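So the structure is just underneath, and the comments pick up after that.
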Amino acid sequence: MAKPRKYVYSQSRELISATICLVVGLGFPIALAFFFSPSRVLPRLFSFSEGVWHPIPAPPENHVFPQIKSDVDIAFDASGIPHVIAQNQTDSYFAQGVLAATFRLFEMDISTRAGMGRLSELLGDRTASLDRFFVTFGMREAIEEQAKALLTDPVTKDMVESYVAGVNAVIEDLNYKNLPLEYKFMGTWPEPWTASRVAALMKVLTFRLAGRSNDLRLTEVLKRLGEEKTNQLYPEFLPIGLEDYFSESPQNTSAGSSARKRTDHSWKLGFKTEIKEFPAFLQPLEVNGSNSWAIGPERSKTGASILANDTHLSIQLPAIWFETQLITPEMNVYGATFPGAPGIVLGFNESLAWGTTNGATDVLDWYEVDFKDEKSLEYKIGDHYKTAKTRDERILVRGQDPISITVLKTDFGVVVSRENKLGLSARWTGFAPSEELKVIGQLDTAKSVKDCVEALSKWRAPIQNFTCADEKNISIYHAGDVPLRNSGAGRVVEKATEANLWRGVIPYADLPHEINPARGYVLSANERPANLSYPYYLGWDFEEPFRAKRIHTHLADNQKMDGSDFIQMQNDALNQHALMALPLMLRNLRFGAFNETEKQIFEAMRQWDFLERGKSMEPSVFDRWWKKLETLLWDEVTFADHPLFPKKARTIWFFRQIESDPDTYADWLKPFKSMDEVVTTAFREALVDLAKEFGPDPASWTWSTVQETQALHVAKFPGLSSPKIAMDGGAHSINGNRGHHGAAWKLVVEMGPHLRAWSQFPGGVTGNPLDPDYEKFLEAWSRGEMRPVYFWKTAGEAERESMYVWKWRRQ
Amino acid sequence: MNFILALLVVGLSLLAPWWVILIGFFLVGIFTRVSWKSAIGIALCVAILNTFIAVYFDYQAQGLISQRVSGVFYAPPWASLALPGAIGAWMSLFATRFGSAVCALIRKS
C-alpha cells in the first residue's frame, strides 16, 4: 500500500512542480510584460550574446559597397573627425550617408519623424501633441512636395539618391547586436531611408528656424490692451541706440528706387479677430540665435579675410551637427551638416568660408477664414465661396488608438483650428518646395564671395543671414523668401480677404545685404537687418540687439584681428543687456530699509563687471531681478501660460522715458506709484525666490546652478543626457548660453594661402551613448576651447596625416 | 556535476540568445533530475556567474553600460548589472526544475 501511495504522491508532486514552474516561471514574466512594458525588451537587451554588453559595434572599416563607383577612403584625424576621400561627388554623398547612419542613425530618425508627425509611433503619447501639430500644420504634404522636387532636379537627385543609398546600406546591414541602443530600448527597428526623410529634415529645420511666430500672442495682447498701447509696447523698431543695420538695404541701392516706398511704420492693428481661443499646441518655438561676423583683409592681421560663426541651436546628445570633410577631384569642403541630408551646410573650402545666423524675419501669417457654416468646407474669398482642399491623415500612437485628422487647405494656408464658422489658417513660406540642397551644393564648390551671393539668390527658406568670406572679400546677405504684404499686415491675425493675400516676395536684390562695406566688417546676431527707411515690412519680433551690439563694439574697437581674437570674442560672456539695464535698475533702488544680505548683494551688483561667469552669483541675481521686474511691470500682458513681455530693449527705453517724464508713463506703473518702488520690490522678491530655491547663502546662487547647462538626449531618454555642466555665458552675451540651447557649432576660419581653421561642438562624432566618445568634446566646448581643424588639401595628405583609415571597395 | 552543467550553460549564454539558454537549462533539468534545493543552488551559481560577467563587461566599457542603461529605466547603476543574474537565475530555476519534473513524469508513467 505504501509503495503505490509513494508513487502517486511523487507523481503529483512532480506534476505540481511542473505546473508551478510553468505558471510562475512563464506567468510572472508575461504578467510583468503586461503591466510594465519595458520588461518586454529587457531579456534581449541584457542578453550577453547580443545585448548591451558589447557597446561599440564593429565599424564598416574594410567594407565592400557595390553601390560605389570607385574606392572610397575615410580618414580619421586626431580628433576623430571623418574625412571622406572619394573619386567623384556621388560616392562622397554615399559615404556621407554611410557615416551619418553609422554614427547617428537614431538621431536622424527622430529628427525627421518629428516633421512627418510620426514620433508617437515610436515614443507613444508623450509626443502625440507634437505630431498633431505638424500634421495639422500640413507638413506631410509639404514634405511630399519637397521630396518630389528633390528627385526632379538632376543635381539634387544625384545628391539625395547617393546619400539615401549610403544610409540604407547601413540599415540593411543591421542586426540586433549593432542596432543603435535607443531602438533596443524601444524594441523597434529603423525603416529604410528615403528622399522623403531628406525632405522631412529640410522642412523640420526650416520650421525650427523660421516657423516661430508671436503673432497669435500679439493678437491676444491687442484684444486686451487695444491698438494704442499695443503699438507703444511692441513697436516695429526699438530705438535705443543699439541698431547696426546692413548698409546695402534697397534704400541705398538702385534696386531700391523702384521699390514701393514705405513711409508709415506705425502698426495697423485695426482688425480684431473674433476667434476666441487659439489651439494650445500653437505656442511659439524657442528663440534660435546665432552669431556670425567676418572682417576683410584690411582689418586682418593675416592680410586675408577671417570669418567666425557659432550657430545657437539645441545643445543635445548626439550633437545636432556632424562635422566632416568631403574631398573629391571637383570639391574639397570642410564643415558641419545635419545628419540625414547630404552636403556641407556650413563651413569652408579652399576659396570660400560661409556661416549663417537665423534671419528671424516674419514669414508666417495667420488669417481668420470665414466658412459657410460650422462644418462646411466652403470658405469666403472676395464675394464668392471656394472649397477648401482636404487631406485625411492618421497619426499612429504607440500603445494607443490612432488619431485621425483632416487637414484643410485654403488660399490663406492650412486651417489649424475651427471655431463656429471661423477658421484659423497659417500661411508660411516654408510650405513651398525649395532648393536649399542645390544651394548648399553650390556653396560647397563656390570660389568667391561673388559665387556665394549668386548661389544665395535661389535660397528660399529658412530665411538666413549668410556671411561669406573669400581671401579678399566679405559679404552678408539676408537671403530667403519674404512675403510682400498689404501695408501694415502680418503682425496679428488678419481677415482672410483678397487684399491680405501675399503679392509675391521681396526681390533678391532688395533684401538687406552688405558686400565689402567701408568699415571692413560684416556681422549678424539675429537682429533686425534693415533700418526705418527700408521700404518693406520684415517683422516686429527680431532677436534683441544686445549680442550684435557687443560684436560691433569688438570689431569697431580692434583695428587688426586674427583667428585667436575671434575665438576670444566667441567666448565673451559680457551681458550687454545687463550693461545697459543694470545702471538704470541700481539707480532706482531704494536701499534705505535693506537688511545686511540685501546690502551685500547690492554692493556686489554695483561692482559687477557684467560677465556671466558660471561661478558668479551676480548674473543669477540680475537674471531673476529682471524677470521679476518684467512680471511686475508688464502684468497686463502676463497671460496664464504664456506672457508676451515687450522686448528687453523696449523695457530699457521705457525706463529711460519714465525717468525723464514720469507723469506721461505713470499709467504703466500701476499698481505701483513709482519706478523705484517697482525696482525695489522686484529686487527683494528676486532674492527671496533665489533663497527659497537655492538656499539662503548667496554663494550658492552661482550662475551655473541657476541656469543649468545640460546637453539633453535628442529623444529626452533619461540617463542618455549629459551631466550638468558649469559654464559661462547667457542669452545676451556673445557666448550665447541658454541652458539647453547655445553654440551648437563654432567655427573660425582664416582664409588665404595659409588657411587655418578652428571648430568645436558639444558632443562627439558618435551618437552611441555607450561609446566613451559620445560626449567627447562637451567639456572642452563648455570651457570655450576650440579644436584646430585638419583641412587636408589632397587625398595623399589625408592618408599621411590621418590616425586611421577605413577603406571601402566596390568589390 | 550540477555546477559544471550550470557553468556550461552560462558559458553558452555568451554566444547564444536567451531562448537557447532556456532550452539549455531545460535539458540540464531533463538529464540531471534536480530537486528544488539543487535547482536553487544552480540558480544561485548562475546569478553569481552572470553578475561577474556583467561587471566585467561594464568595467571594459568604463562603467557606461550600468550608468546609461540603468538611467533610461530610472534605476540605480547596479540594477543593470544585477539584471542578467536575475534573469539567468529565474530561467535556470524554473527551466531546470521543469525539465526535471517532466523527466520524472515521463519515467514514472
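Only a predicted model underlies this, so the values are computations on that prediction, with no experimental measurement involved.
Only the side chain of B/Tyr74 comes within contact range of chain A, judged by heavy atoms closer than 4.5 Å. Residue B/Ser70: no heavy atom, backbone or side chain, is found under 4.5 Å from chain A. Neither the backbone nor the side chain of A/Tyr176 comes within contact range of chain B; no heavy atoms are under 4.5 Å apart. Using a 4.5 Å cut-off between heavy atoms, A/Ser721 touches chain B through its backbone atoms (N, CA, C, O) alone. Looking at A/Leu42, the atoms closer than 4.5 Å to chain B (heavy atoms on both sides) sit in the backbone and in the side chain alike. The contact between A/His54 and chain B is made entirely by side chain atoms (from C-beta outward), counting heavy-atom distances below 4.5 Å.
A/Leu26 contributes atom CG, which lies 10.5 Å from atom CE of B/Met91 (distance to the nearest 0.5 angstrom). Expressed to the nearest 0.5 Å, how far CD of A/Glu50 lies from CH2 of B/Trp18 amounts to 10.5 Å. Between atom OG of residue A/Ser49 and atom CG of residue B/Leu12 there is a gap of 9.0 Å, rounded to the nearest 0.5 Å. How far CD of B/Gln67 is from CG of A/Leu770: 10.0 Å, rounded to the nearest 0.5 Å.
Taking 4.5 Å as the limit, every side-chain heavy atom of A/Pro55 sits out of range of all side-chain heavy atoms of B/Leu64. Side-chain contact between A/Ile20 and B/Trp36: present, with at least one pair of heavy atoms (C-beta onward) separated by less than 4.5 Å.
Listed for the A/Trp53 side chain is no donor-acceptor partner under 3.5 Å among the backbone atoms of B/Phe57.
For B/Gln60, the CD atom counts as densely surrounded, since its 6.0 Å shell holds more than 12 non-hydrogen atoms of other residues, nucleotides or ligands. Atom CH2 of A/Trp189 has more than 12 heavy atoms from other residues, nucleotides or ligands within 6.0 Å.
Between B/Arg68 and A/Glu775 there is a salt bridge, since at least one side-chain N of the basic residue sits less than 4.0 Å from a carboxylate O of the acidic one.
When each of B/Val72, B/Ile87, B/Leu83 is checked for heavy-atom pairs under 4.5 Å with chain A, B/Val72 comes out on top. Listed options B/Ala95, B/Ala54, B/Gly99, B/Pro17 were ranked by heavy-atom pairs under 4.5 angstrom with chain A; first place goes to B/Ala54. Note on B/Asp58, B/Val69, B/Leu15: by heavy-atom pairs under 4.5 Å with chain A, the leading option is B/Val69.
Relative orientation of the A/Phe185 and B/Phe73 rings is perpendicular, given thresholds of 30° and 60° on the angle between their planes.
A ring-centre distance under 6.0 Å is found for A/Phe28 and B/Trp90.
Residues B/Ala101 and A/Ser17 share a closest heavy-atom pair of CB-CB, 4.1 Å.
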Mind running side-chain contact (heavy atoms from CB on, under 4.5 Å) on B/Asn50 and A/Phe48 for me, showing each step along the way? CA-CA 9 Å; B/Asn50 275 5; A/Phe48 288 132; 3.5 Å; yes
